[in-house]
Structures are given as C-alpha cells and as structure tokens.
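What follows is a set of notes on a single structure, which appears directly below.
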Amino acid sequence: MSILIDDSTRVIVQGITGRIGSAQTQWMLAYGTKVVGGVTPGKGGATVEGVPVFDSVAEVVKETGANASVFFVPAASVLDAFLETIDAGIKLIVVVPEHIPVKDVLKMRSYAIEKGVFALGPTTPGILAPGKGKMGIMPASLFAPGRVGIISRSGTLSYEFAGILSENNVGQSTVVGMGADPVVLRNLADILELFEEDEGTDAVIVVGEVGGEQEEKAAGFISRRMSKPVAAYIAGRYSPQGKRMGHAGAIVRGSSGTVAGKHEALSSAGVEVLESPIHVARWAKKYKLR
Amino acid sequence: MRLHEYEALDIFEQNRIPVPRRGLAGTMHEALQIAGEIGYPVMLKAQVLVGGRGLAGGIKTASSPDELKEIADTLLTSEIKGLPVRKILVCEKVEIAKELYVGITVDSYSGKPVIVVSTEGGVLIEQTAKTSPEKIAAIHIDPSFGYYPYQARSLLRMLGLKQQLVTAWSDVIGQLFNIALRYEALIAEINPLVVLPNGGLLAIDAVLEVDDSALSRIRLPLPDRVDRIENPLERRGMEIGVTYVDLDGDIGLISSGAGLGMASMDIIGEKMKPANFLETGGGITADQLYRCMELIMMKPDLKAIFINVYGGINPIHEGAKGVVRYIKEHNVKIPIVAKALGNRQEETWEIFRSAGVHVVTEAATEKAVERLYELVGK
C-alpha cells in the first residue's frame, strides 16, 4: 500500500514539451509510472517520449482517463494551469516549480481546498511510491519499497533520508515532498493523516526545517491522532537568524519557528527528535522497521 | 525584497495614506536644506534595511541647525547593525496624542492575508502582543473574496474605539490593504500610525516587503534588489542565481536545495565552521557550478570545500564538469569532498575523481563530513 499514488494513478504532465518536463517524463516512465498524456496549449497532437500531447486538460482527461497531474509549467503560468486542472476534475496535483508568487499560491490553495483537490507544492520534488510510480523529480536510485512513510519540506533532504534508510535495508511506503514555500497547498497534518490511515505504513518520518509553524501545528495532530511512531528532523540549527536561506520557507522570523521551539513541540507530542539525519537508521532499527 | 522607509512612504503617499513632510539626504548639507524647508524640530532617520533601527541609535531628533549638523555627520559616517548609513530621511516632527499599529502579512499556515491592529503602537508592539493580547486584534481575509471595508470597521470596534477614529483608521487600513495587494507585499506595516492632537492620523513609519517571486510583474520603479545587498559576495550570489550567505568559518559549501544546505551546515558546525551557505536551486549547469566555485573561492583561507548535491531535477554530471574545469584552470590545492547522488551518479563520480575530488557515495551527509574532517586534519 501507499498514499496518494498507486497502481490506479494515471498521470498527466503539464508543460511536457519543455526541457525539464520532457526529461522528467522520461524518468517517470522509466520508473514504471503510468504517464498517459501531456498538456501544452498549442502543442496538441505532438508526442513526447511516446506520450500524446493535448491542448487542454479537459481533453486529456476525456481521452485518457487521467486522474492526477504533475506540473512543469513556468511559474508565471502555474495559477492559470492549476485552476484549469481543477475545473477538468483532476483530484491530485503536484506543483514542482519554484518562485511562484505567494498571491497566486493563496488562490490555488483556497480553490483546491474548496473543490476537494489534494495538491502538493509549490517547490516540491513530488511523490514517490517505491516500485509503484512517481510524480515529480525524485531520483529513483535512492528509494526502496518498504513500510516507512517520509514527509519532507525540503526536496533534497527527502532523498537523503530515503537514501540512508535504503542503505540500512529499510524501505519506504511513500515519500511525499510537501513543498518548501512559506505557504503550501496542503499542511503537514493533512499528509500525516493519510499515513496514519495507510495499512502499508508502520511509521513516519517528518523532515522539517527552521521557520513557519507546520511542525508545531502538526505536533498537536500527532498527539491527538497518531498511533504510529513518528520521528522528526529539523534542519537549520546553525542558520543565521533573520537571513534568508534559499527559499522563503526557511526565513527565521523572531522567536516563532525556531529549531528549539519545534523540537520542544514535537517531543512533547511523543515524537522522537533526531539530532542528525544519520540517526534515522538507529530509530528504524529500534522499531524494527523495514 | 524589503523597501527602504523613504521608498515605502512614497508609495503610501501615492495611495492616499497621510505621511509626514520629508526629504532624503545623502549629505549633511542636503539634510540642512531640507530641514530649513520643513522647519525645526525634525526627525533624522537612518535609511538601512534592518529592523530595530531606532533602538540601535538610527533615529534622532534635531531642534536646531547646529544640532542637525552634528547628528547628520555622525549618522552618515556610522553603521547600524553592520550596515553603512548612506542616506538619512529628514521628516517633520509632529506632536503625538497616541500611537497605533497596523500591519498586514500572510499567515502561512492558514494561507490567508491577515490584518493586525493595536491601540498600543510603537517599538514594544511584540511585547504588547504577549502581555496585553486584548490590545491586539486580527482578522483573516479570504483570498477568493478579498477585502471589504466592514472588516476593518468590525476589527476596530473589537478594540472598543469611537466611531471617529474607526472611520479614519479603517480608511488607512483599506489603503494599506490595496497597497499590499497591488505590490504583492509579504509585509505592509505602519508602526506607529500616529493620532495627532487634532484627531487626524499620520503614518510616521512605513515597512514594505514585496514578494521576490512577483517582482517581474509588479514592475517597481526602484533600484533592483541586487543593489540592496551590501555584502559583495552575497550580491554576486544573487547575480549568478544562487542563494549565498557569508559566514565566518573556513569550509566552503555548495549544496542543491536549502534544506540540504542547512542540514550540511548543521553537520559541519559540529566540529568545523562553514565559510558560507550556498544553495543552487534547480538550475545547475556546468557554467553555474563553475561560477559557484569562483564565488566560494573568493573567501581567503578556505581549508576545504564540501559539495553536496542530488540529481533529481539537476543534471549533476553537468555540474561536476563545471567544478572540474574550475579546479584545473585554477590549480585548486585544498581538499574537495563531493557527495553527489541520484540520476547519472556514476558518471558524475568519474568526472569528479578525474580532478582529484574525494567522492563519497553513501547517502548520509555525516559520512562525507567525517571524510572532510579527516582531510582538513584538525
């Protein structure tokens, strides 16, 4: 079992004719993902990596029965494409691009929640269910099938944690990038809930970072609702206060969102706080995870 | 991008928020001239992009030309929290009956803009929020429906204010919300919003931070954000499209992804000190990593370099070519450790090894940093 994607997931790639869109389509197909179509307005009728390209999302849904979409659309066009995708009835959307204006993200988030659409990102590596498929850019070589769920704010740190587990013969049920922007399309607690309900997941790792309130709010959910063991790592202990570190999600604002504050909130919710990524191997061993 | 106070005040004024008479001075003589036009006493405010400016001595009052000369000379040759004062804003000094606060920001958890007001404005606003929460009121705005004036009115009534102040203040809130929307502000704030003895309002300070991702469509008629960065290395980082933060250690760092970069710093920081934070984002090419090497090598006395990248969206084999080209052209002698995993990893390792880079093939950054520590030989 896995969350969000499984054997019935039929993926479309929006922005499939772009350089990144076409390269990543190739990697997704190579991993066994059912990529059934692509969309680039004006390029309908073409094929990319053997995948048919359509002019609109409504058309590709009608022709292929697609039920999920991954975005490689230029940041300035993401809002428009996102609303089109929701109106075409797709219920799972992965928004990979970075640098999308916050104003657009607020509208996307509000519309997705209103329409019952599960969306991830922006600035997410996507979702990967080992052995089943992937939507996004996660490099397949680091992942192995198993029963541990991973949720990460940072893309590359999700690979790091999966890689360490895989090297220690601990596989993953699903790895989810929730997005590194200050405002994301789904909050951490919503993704934790899916793992709690998933029969194929025995334990969950939360990979967070300094800034924002996601981990603090999730701690409340964990203590109320999670029966499965949860471990967490928070990056940014030595990050200079108030300096911008890459994407805006990692801004330290005042005392809220500090590493120490997150550690405290998570610990009191019964979460095992990992001081360094490599400690995840020891934690997995303790719970006999595989 | 954070705007200077004088830039934000201009925008506020254009949007019909009452602001003080003022002028921008780059020299003591300019300040003297502006003060002469406005009339004494005047406020002299250092224009530096940092918070807590007043408490750090960046805001002074001058009651006479002699006093102004002395203060202006001192301010214009000083630094506030490490930033040189290049300009000072000369403002009329007004009589204050009361100081209010109004701020608009994005509540990232709920995904909605939020308007925050307080009847206790001033430098201690954050303390007030903790000690007297009843003096603060906030309202979230639905991004689909937008802002309506009744929301500001009901917000202010929550603070128990009289109708005259509610009317004047809600107008300011409405204008500030329009500014936040139009300029895609992450923060738009007036602290304090002053009540004058005649009951009128005046914004005597202005904070505006606009969304970097929206800069190309807001089209601000202002200097580029690159020109606002004082540190030359950090400025160079922005020019080449990476995030660079200058630190005081001696281990150079290149990482793909902010989270991985921060984790690398945390792990390096256990036994050594990073000289910088550098995050490439998703745009790695051979040229980009060549320029990253050039940038981190600008710091003298580096002891070693750590490259920590993943090939998901990034073509790391291309990146490795850029690093190797730099090493060969500049005959780099300090040890370089690279952890590069993901798509086309084997090819990447071979390229790195061809220039003597120490390649670590395990996933845990701790293993690579251990290797780094051995090579630095502390």
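To find a chain, count down the sequence lines: A is the first, B the second, and so on, and within it residues start at 1. None of the values given here were measured: they were computed from a predicted structure.
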Modelled atom types, side-chain donor and acceptor of B/Tyr109 and A/Glu216, under 3.5 Å
no
If you measure only the distance, is there a donor-acceptor pair under 3.5 Å linking the side chains of A/Glu213 and B/Ser108?
no
For A/Leu185, which atoms come within 4.5 Å of any heavy atom of chain B: side chain, backbone, both, or neither?
neither
Pair B/Arg217-A/Asp104, salt bridge (Lys or Arg N to Asp or Glu O under 4.0 Å): steps then yes or no:
CA-CA 12 Å; B/Arg217 68 184 185 194; A/Asp104 293 0; 2.8 Å; yes
Quick check on B/Glu362 against chain A: is it the side chain, the backbone, both or neither that has a heavy atom closer than 4.5 Å?
both
Interface moiety of A/Val96 toward chain B, non-hydrogen atoms closer than 4.5 Å
side chain
Could you tell me which portion of B/Asp142 (side chain, backbone, both or neither) has an atom closer than 4.5 angstrom to a non-hydrogen atom of chain A?
side chain
Between A/Leu106 and chain B, with a heavy-atom cut-off of 4.5 Å, which part of the residue counts as in contact: side chain, backbone, both or neither?
both
Among side-chain atoms of B/Ser144 and A/Ser110, is any donor-acceptor pair under 3.5 angstrom?
yes
Steps toward side-chain contact (heavy atoms from CB on, under 4.5 Å) verdict (B/Glu270, A/Tyr238)
CA-CA 10 Å; B/Glu270 290 295 314; A/Tyr238 292 120; 3.6 Å; yes
Looking only at A/Lys107, A/Glu114, A/Glu167, the option with the highest number of non-hydrogen pairs under 4.5 Å against chain B is A/Glu167
By a 4.5 Å heavy-atom criterion (distance strictly below it), what part of A/Tyr233 contacts chain B: side chain, backbone, both, or neither?
side chain
Quick one: which of A/Leu188, A/Asn187, A/Val183 has the most heavy-atom pairs under 4.5 Å with chain B, could you say?
A/Asn187
Quick one: what part of A/Pro277 sits under 4.5 Å from any heavy atom of chain B, side chain, backbone, both or neither?
both
Considering residues, nucleotides and ligands other than B/Lys367, do more than 12 of their heavy atoms fall under 6.0 Å from its NZ?
no
Side chain, backbone, both or neither of B/Lys339 within contact of chain A (heavy atoms, under 4.5 Å):
side chain
Pairwise distance CG(B/Asn343) to CH2(A/Trp27) - rounded to 0.5 angstrom
4.0 Å
Under 4.5 Å from any heavy atom of chain B - which part of A/Ser276:
both
Supply the atom-to-atom distance A/Leu157 CG to B/Tyr310 OH, rounded to the nearest 0.5 angstrom.
8.0 Å
Which answer fits B/Ile313, side chain, backbone, both or neither, if we ask what part of it has an atom under 4.5 Å from a heavy atom of chain A?
both
Proximity breakdown for A/Ile164 and chain B, heavy-atom pairs closer than 4.5 Å
both
Are the side chain of B/Asp211 and the backbone N or O of A/Val102 linked by a donor-acceptor pair below 3.5 Å?
yes
Among A/Ser152, A/Ala235, A/Ser166, A/Gly163, who wins on heavy-atom pairs under 4.5 Å with chain B?
A/Ala235
Rounded to the nearest 0.5 Å, how far apart are CD of B/Glu279 and OG of A/Ser154?
9.0 Å
Any donor-acceptor pair under 3.5 Å from A/Glu160 side chain to B/Thr365 backbone
yes
Most contact-rich option vs chain B, by heavy-atom pairs under 4.5 angstrom, among A/Gln24, A/His99, A/Arg109, is A/Arg109
